[in-house]
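Values in this document were obtained by computation on a predicted structure and should not be read as measured data. Counting convention: from 1, in listed order, for ligands and their atoms alike.
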Amino acid sequence: MKRLLTAAAFATLLVNLHAQELKLTRENIPEIVSAMTTQEKVDLVVGCGAGWGNPDAKFPGTAGWTRAIPRLGIPSIYFADGPQGVNMSQYREYDVNDYSCTFFLSGSALATSWDVDAAQAIGQAIGYELKERGLDVILGPGMNLHRNILCGRNQEYCSEDPLLSGKMAAAWIRGAQSNGIATSLKHFAVNNQETNRKENDSRVGMRALRELYLKGFEIAVKEGNPWTVMGAYNYLNGVHACENEWLLTEVLRKEWGWQGVVMSDWDGVVRQADAVSAGCDLIEPGTDADREALLSALEDGSLAMETLDRNVRNILELVVKCPSFSGYKYTNDIDRRDHQKLLRRVAAESMVLLKNEGDVLPLKPGSVGLYGVSSYDLIPANMGVNGVNNGVYHVSLVQGLRDAGFTVFPSVLREYTNYIASEKEKIASAYPPLYKQFFRYPRPEEIIPGTGVAATEISGALTVDLGLKQVSNAPRLTLKEQAETNAAAIITLARGTGEAFDRTASEFELTASEKMLIDSLSAVYHASGKPVIVLLNVPAPIETVSWREKVDAILLVGQPGERAGESIADALTGTVAPSGRLADTWPIRYGDALADKNFPAEVGQDLKSLITPRASREGRDLVPNIDYTDYDEGIYVGYRYFTTSKTDVAYPFGYGLTYTFFSYDKASVEASADGFMARVTVRNTGSMPGREVVQLYVSAPAGGMDKPVRELKGFAKTGMLAPGESETVEIPASLYDLASWNERKGRWETAHGTYHFCFGTSADTMQTDCSVKI
Ligand code: BGC
């Protein structure tokens, strides 16, 4: 008996010793899962809260981290928001160091580059900064489709086209993850409006879902292989995106063959056990209430332990790949200069030249009158948690122009500087800080320097004086004197947005004072024979048709990031030729797009009261576009609608000028192993160097379905071509790429018939046409 006891005690001792030694490795994940207690498993699948506003977090100002389980050698892994850079507090308590990270260009600005190499390089730089700051997961890229031009988060995303979105996101992911850190592709899926974003149900048919809203994600997942995917806030056809088994398990994992961690959006889970069962591995940012809900679901049987184990395994598979697991010795020594150079070039190249009458650009250095409040107060980036350091520091346009050899006309500068300071003071005291953070902060009305009045007051007699005389120290010159002295007028128009709010239809329009500014300056400058150049510092389309004839050049600068002023000066002077092309159709009016019919474009005050988190639907009728949004337009989003319905637009998708011209020759299409290879030779026929965006559009036969006139099926960007130089571009398109989703049969189908492969310089302008039969 005594001998038996001793043997049992010995066995227990061995097990305990083994447990003590059992530490997570890449090979022993199943063993680790078996050794975890229920509490530990629940702890792992629920995050540890957010690092924003938490000075005690290891990385203050970051988005969150997972629970460590030291007895099993499981470390925490740490998340920071993207996609414009690594978002963390610049300063920490009791710490003299500066933890700033590069504030890159916004997703929509990067998308207009149509340059996957640039996307990869930016992703790589962001991933590097994340790793050297000690973190593991960058929460980006964002790539929901631009269904409506007013969506408040379009600037984080890419385009109205899924192929462009998917390819750019895939490249960004490959670049970031080449550092051995994780990305989080977000927000999966159909998260196309911010109004009532946690309650709104996106109701969309299967064809549009497959061909548009999931297509971009499919490309990014298959070609980029992000280690994590972030679920969305909205419902999709009645089921919450983070609790949607069809989306997270059937499509993402089984159909697309992806293996990784799905995390919820922050506070995006409503029913914890449903989320875990659906395949949402990690609940973020995580609360004790989430843990308790999971424990009781395990107890009452509504959540199976095997399901929880599956998610725990997925998380551990991620943990073992992360720098925190390998004990990576991060340096915190980030020399941002190379990244700033990269940003400066990419941002300038991504700019889209919309108009250049009389070749007024490139501009030679000289004296310029810089007008518009935003010329002195650029919006370099997206605000809110997806910005960087929740603060804005950037190279101003004034500095950028001065460094490039320009003189910024002093009296105009002084008037604006004083005016903006006094207006901002008034605005700041009238609005809570949250507004500022999300950029719903009103900007001062435009003024007309030299008149002392707000532009809105100018129409009648000039009797109103807003007191600018008192705040301005510089002698005030009349507009006429300004125009006589300066070589050109530069006006900046800006719009800002951030998450949680959509733009309104009135923000698409120019304000009365912006129109007045353009009118007055163009009249006076043109009378002196001087050009007027407009910079659009906007995240998405605005109205252009009513005023574009009055100005000479229009440059879409987007949200160019922290070197904004330098990038703009480079593009204006031609130091870097802007070679961006629109990633969205610019409509003539808001309301022209089919999708505009169902969108909360002007959310009235009464409806605002409904837009509270988790607004109760009890006891009231559901409100369209608030509680649900019907995607009645189906696949006819963006240029698919405008080209098919022959509706006129201000600027088509894919449009953009540069400082030179290109010819398209020797276009051909040949059968390849899995589809076709299209080729074309592009030659620089102008007198300046430049890069061309080669866009391949395909018109497919109907095959018993309704088809858009044409769809983008591939694109490439040439290298820098000197005048006379040419490049042959090859773009593949597989049979799968050419397929449409047959709703009746529930499958992809490549119709038989004649396909036209056309190289176009926009969705409206085809340069070549080669047909093939399938
Ligand atoms: C946003 C996400 C973000 C998360 C963490 C949420 O509000 O929707 O895009 O990654 O916060 O900061």
Side-chain angles (χ1 to χ4, degrees), residues 46-54 57 59-66 77-89 101 106-108 126 130 135-145 151-158 169 172-173 176 181-200 202 217 220 226-235 240-242 261-270 280 282-287 290 381-390 434 437-440 497-502 539 611-614:
V46 176
C48 293
W52 320 305
N54 177 358
F59 302 107
T62 55
W65 66 99
T66 60
I77 55 170
Y78 296 88
F79 312 139
D81 247 311
Q84 268 200 256
V86 179
N87 191 10
M88 68 194 325
S89 301
C101 300
S106 68
S108 61
I126 293 176
L130 181 96
L135 293 95
D136 304 277
V137 186
I138 182 82
L139 303 181
M143 57 151 301
N144 292 87
L145 205 74
C151 171
R153 292 186 93 165
N154 277 354
Q155 70 285 349
E156 289 176 50
Y157 306 147
C158 297
W172 195 99
I173 293 166
I181 56 92
T183 57
S184 196
L185 180 66
K186 66 191 186 183
H187 308 89
F188 194 56
V190 206
N191 189 184
N192 305 107
Q193 78 176 53
E194 289 299 287
T195 305
N196 202 24
R197 61 183 181 165
K198 291 184 177 169
E199 287 291 306
N200 181 265
S202 301
F217 282 100
W227 294 356
T228 83
V229 165
M230 188 188 293
Y233 280 136
N234 53 287
Y235 286 70
H240 197 284
C242 287
V261 165
V262 172
M263 65 177 80
S264 71
D265 198 346
W266 268 230
D267 191 26
V269 163
V270 189
C280 177
L282 181 60
I283 298 179
E284 283 295 335
T287 60
D290 293 328
N382 164 52
M383 289 299 286
V385 293
N386 295 292
V388 174
N389 300 320
N390 281 335
L434 187 69
Q437 185 178 336
F438 290 110
F439 238 112
R440 305 306 297 175
T497 47
E499 70 171 290
F501 299 89
D502 288 312
I611 311 166
T612 52
R614 310 269 178 266

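Applying side-chain hydrogen bond (donor to acceptor under 3.5 Å, both in side chains) to Asp502 and the options Thr497, Asn196, Thr195 leaves one that passes, Thr195. The only option from Val86, Thr62, Leu139 that meets the side chain to side chain contact (heavy atoms under 4.5 Å, CB included) definition with Leu130 turns out to be Val86.
Close contacts between ligand 1 and Trp52 involve ligand atoms 5 (C), 12 (O) [criterion: under 4.0 Å to a heavy atom]. Every atom of ligand 1 is numbered from 1 in the order shown, and the set under 4.0 Å from a heavy atom of Asp81 is 3 (C), 4 (C), 5 (C), 10 (O), 12 (O). For ligand 1, the atoms lying closer than 4.0 Å to a non-hydrogen atom of His187 are 2 (C), 8 (O), 9 (O).
Under the 3.5 Å distance criterion, the side-chain polar atoms of Asn87 are left unmatched by any main-chain donor or acceptor of Ala80. Under a 3.5 Å cut-off, the side chain of Ser264 and the backbone N or O of Glu284 do form a donor-acceptor pair.
Heavy atoms of Arg153 come nearer than 4.0 angstrom to ligand 1 in at least one pair. Heavy atoms of Glu284 stay at 4.0 angstrom or farther from ligand 1. Ligand 1 has Tyr233 within reach: a non-hydrogen atom of the residue lies less than 4.0 Å from it.
At a heavy-atom cutoff of 4.0 Å, ligand 1 is contacted by no atom of Glu156, backbone or side chain.
Remark: Lys198 does not engage Asp265 in a salt bridge, criterion side-chain N to carboxylate O under 4.0 Å.
Closest heavy-atom approach to atom 11 (O) of ligand 1 among the candidates Asp267, Asp265, Asn191, Leu139: Asp265.
Ring pair His187/Tyr157 is perpendicular by interplanar angle, where above 60° counts as perpendicular and below 30° as parallel.
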